[in-house]
Amino acid sequence: MLNVDAEADRRDFTVRAALDVADGERVALFGPSGAGKTTVLEVIAGLVAPGRGRVELGGRVLTSTGTAAGTAAPTVAVPPWLRRVGLLRQDPGLFPHLSVRANLTYARSSSAGGRAGGTELAEIASSLGIDGLLAAMPARLSGGQRHRVALGRLLLAHCDALLFDEPFASLDAALRRSLTALVKDLSSQRSVPSVLVTHQLSDAQAFADRLLVMDRGAILQAGAPDEVVLRPASRRVAELVGYLGFVPVTWSDGGGSGVGGSGLTAVGEAGVVAGVHPDRVVPGADPVRGLVVTGTVTAARPSGAGWEADVSVGDAAFTCRLPSRPLGAELSVTVLDPPYFGRAGTLLAPDINARYE
């Protein structure tokens, strides 16, 4: 079990992290660049000293600033090389003068009992698809192969926690997906706490049991990845997880829903908006399935096997993905089960219509 409750001051804000990661659990810290995600990993790894807080791993205190729950406690700062915490960054950090085999075995711990030089090395090299490269030098490897070697070195070190700081961000999307899936499987096999930092939501969803959304040093929401995306706790979280537009919502006396400009009479809370995720939109008006929105198409472009359209609704706008190119200037779509946010940007009750009956 990894337990973190710490604060670290940065130039423009304070990073505050409180998280518990169980053995075998995979957690993703997701947010924009500069949100403080890497700082959290560096506090866990002992590379950054927190201004206040405590880090424990498997019952061992790795960091303590001298106070715990208001009670005096010893100050502890275990050096990084004694923490048994593995950290994999974007740069694989291979030694250019050592072979793949020597790189793999360089960081193995004394507790490995020499197994890393034999059966275990062969097993991990095979699982990573680099068993035919053990005699090669790093300069002869592709980017994906170098990252696999770095991952193998991390696994052979027998760490008690695994930390990943956007390790595959520089790779193409297909390779990033395959390596993220590999890291997920190997992390589960090791049954140790694992934390991934990323600004790619797809990578976070592919890896994590639990998603923590972070912005400007604060964890805004935590939960299952699909739960966070479908029910963001605030408008800011919605923006971060891919909602591309917010349309003002009005209510008729009969409880029907529409959007600004639809001619319905507003009887609800002023300033309420519905979040529109581009993947939660279907063409046509179907009020039984969700919120019907009619607007003007301002742009349309191919997107994968379908089309992406920008739609204006009065002073608001949103983007949606459709199976075919929209025809004509006017477009009616149904937003499936959208989240609603009040004037302060907080999530309103899911069954919002009940508030006005």
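Sorted by first and then second residue, the side-chain hydrogen bond (donor to acceptor under 3.5 Å, both in side chains) pairs involving residues 128-146 (not counting sequence neighbours) are Ser142-Gln145. Sorted by first and then second residue, the side-chain hydrogen bond (donor to acceptor under 3.5 Å, both in side chains) pairs with a member in residues 309-330 read Asp279-Arg321, Arg301-Asp310, Glu308-Arg321, Asp310-Thr319; sequence neighbours excluded. For residues 217-226, no residue pair satisfies the salt bridge (charged side-chain N to carboxylate O under 4.0 Å, His left out) rule, not counting sequence neighbours. For residues 172-181, every residue pair satisfying the side-chain hydrogen bond (donor to acceptor under 3.5 Å, both in side chains) rule, not counting sequence neighbours, is listed here: Arg176-Asp203.
Using a cutoff of 4.0 Å between basic side-chain nitrogens and carboxylate oxygens, Asp165 and Arg89 are scored as salt-bridged.
In terms of heavy atoms, Val249 sits closest to Val273 at CG2-C, 4.1 Å. Scanning both residues, Phe246 and Ala316, for their nearest heavy atoms gives O-CB, 3.5 Å. When every heavy atom of Gly284 is checked against every heavy atom of Thr334, the shortest pair comes out as O-OG1, 2.7 Å. Nearest heavy-atom pair, Asp209 versus Pro225, reported as atom, atom and distance to 0.1 Å: O-CD, 3.5 Å. Residues Ala45 and Val85 share a closest heavy-atom pair of CA-CG1, 4.3 Å.
The line from CG of Leu29 to OG1 of Thr38 is 9.0 Å long, rounded to the nearest 0.5 Å. A distance of 8.0 Å separates CE of Met137 from CG of Asn103, quoted to the nearest 0.5 Å. Taking OH of Tyr106 as the start and CG of Leu156 as the end, the distance is 15.0 Å to the nearest 0.5 Å. Phe207 contributes atom CZ, which lies 11.5 Å from atom CG of Leu182 (distance to the nearest 0.5 angstrom).
For Arg83 and Thr63, the side-chain atoms include at least one donor-acceptor pair closer than 3.5 Å.
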- [ ] Output, in order, the C-alpha distance, side-chain angles, deciding distance and verdict of side chain to side chain contact (heavy atoms under 4.5 Å, CB included) for Met214 and Val15.
- [x] CA-CA 10 Å; Met214 195 168 189; Val15 177; 3.6 Å; yes
Task: Trace of the side chain to side chain contact (heavy atoms under 4.5 Å, CB included) decision for Ile44 with Leu57 - done: CA-CA 9 Å; Ile44 298 171; Leu57 177 59; over 6 Å; no
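By the side-chain contact (heavy atoms from CB on, under 4.5 Å) test, Pro32 pairs with Ala35, Asp215, Arg236, Leu240, sequence neighbours left out. Annotation: side-chain contact (heavy atoms from CB on, under 4.5 Å) contacts of Val21 (sequence neighbours excluded): Leu2, Leu19, Glu25, Val27, Pro193, Val195.
You'll find the side chain of Leu47 reaches within 4.5 Å of the side chain of Leu87, heavy atoms only. For the pair Pro167 and Leu196, the minimum side-chain heavy-atom distance is below 4.5 Å.
Note on Leu230: it does not cluster hydrophobically with Leu336, by side-chain heavy-atom contacts below 4.5 Å among ILVMFWY residues.
A perpendicular orientation is assigned to the rings of His97 and Phe95, their planes being inclined by more than 60° (bins at 30° and 60°).
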